[in-house]
Amino acid sequence: MNEKNRAGKQSARQRLQIERERERAREKRRRLVLVSAAVAGVLGLAAVVGVIAANTGGKGDTAGKGPVTAPSGATGEDQLVVPVGAPDAPATLTVWEDFRCPACAMFENTFRDTIHELEAAGQLRTEYRLATLIDGNMGGGGSLNAANAAACAQDAGKFSAYHDVLFANQPEEADDAFAKDAKLFELAAKVPGLDTPAFRSCVTGGTHDGWVNASNEAFRAGDFRGTPTVLLNGEPIFPAKGNEQISPANLRKWVAQANKGKKPGTATPSAGASASAPGAASQSASPSAGEADGGSDTGSGPGFGADPAY
């Protein structure tokens, strides 16, 4: 090989090497630009989130941090239970719920009449316990605000009616409408005698926020799977009891079996517990995966699915 050809090949290799170095430099600059943009985007998003958090303001900033003030008539350990029905009823239904939980609304709108019939007959005492899982999972304050409002309704002796109205008018899960006091006042107007200055002051002041927060902590400490958690005399019955799926007919049967040979309660609860929930029968909760429409008074019943997200 002559010197001219050798020099030409060496020059070509040098040019190729130089071009590769330039390409590496360009790639390095491109990555630097992308990384810088990404960092700026993250910082910008953090700033936006900070502004949103700052602008939410009001009660949400200190919600649940005040004293634990139990509503009137609350019972159980630490007074975290709101009882409905005859105190001496032979069977006890314990229901853990979140007012933003779609599965809870499906349960309530399907079993409301059956539960109230059993309460009125002295067969069943229902113990409601409140949680705020959706607030924690999706953000917002509707679970807490609605639970505080329900506790305020308990102070007025109208918990059951207001509880039913809230579930019969539950907004879409992503719509945190219950975080707005105005929405809770609008629904309180559906319960005769509830929308009073005392009730409004209790709601706006977050009187029972600390109590709701304590109830939610008790739920988490109980290691339950999700809401609704429904127990009959301490035994889980939602979405099934043993091999039988829950349904209005099966709930009546299970209560009758539990109460066999026992006298019904003598302290009859106030009437109209469910009468104040207009539209309850027509309320439709969209079943999530694994759930099927139901509500017929048959042994098959609705195909509820226990969703740990709630």
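Comment: E244 does not engage K241 in a salt bridge, judged by the lack of any side-chain N to carboxylate O separation of less than 4.0 angstrom. Taking 4.0 Å as the cut-off between side-chain N and carboxylate O, R129 and E127 do not count as a salt-bridged pair.
Looking at heavy atoms from C-beta onward, I115 lies in side-chain contact with L124 at the 4.5 angstrom threshold.
A distance-only check finds no donor-acceptor pair linking the side chain of D155 to the backbone of P71 [under 3.5 Å]. Checking side-chain atoms of R100 against main-chain N and O of S143 turns up no donor-acceptor pair under 3.5 Å.
Side-chain contact check for H163 and E97: at least one donor-acceptor pair (N or O, by modelled atom type) lies under 3.5 Å. Side-chain polar atoms of T126 and E119 form a donor-acceptor pair below 3.5 angstrom. With 3.5 Å as the limit, one finds no donor-acceptor pair spanning the side chains of Q79 and W211.
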Run the side-chain hydrogen bond (donor to acceptor under 3.5 Å, both in side chains) test on D98 and T227 for me, step by step, so that the C-alpha distance in whole Å, both residues' side-chain angles and the decisive distance to 0.1 Å come before the verdict. CA-CA 7 Å; D98 181 328; T227 56; 5.2 Å; no
Could you walk me through whether N213 and T132 pass side-chain hydrogen bond (donor to acceptor under 3.5 Å, both in side chains), step by step? CA-CA 8 Å; N213 188 58; T132 59; 5.7 Å; no
Intermediate values then yes/no, ring-ring contact (aromatic ring centres under 6.0 Å, His included), F107 and F167: CA-CA 9 Å; F107 170 78; F167 277 119; 9.0 Å; no
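A distance below 6.0 Å separates the ring centres of F219 and F224.
One finds the CG atom of L194 at 7.0 Å from the NZ atom of K158 (value rounded to the nearest 0.5 Å). Between the CG atom in D176 and the CG atom in N145 there is a gap of 8.5 Å [rounded to 0.5 Å]. Atom CG of D181 sits about 6.0 Å away from atom OG1 of T204, to the nearest 0.5 Å.
Between R112 and the options T110, T114, N109, a side chain to side chain donor-acceptor pair (under 3.5 Å) holds for only N109.
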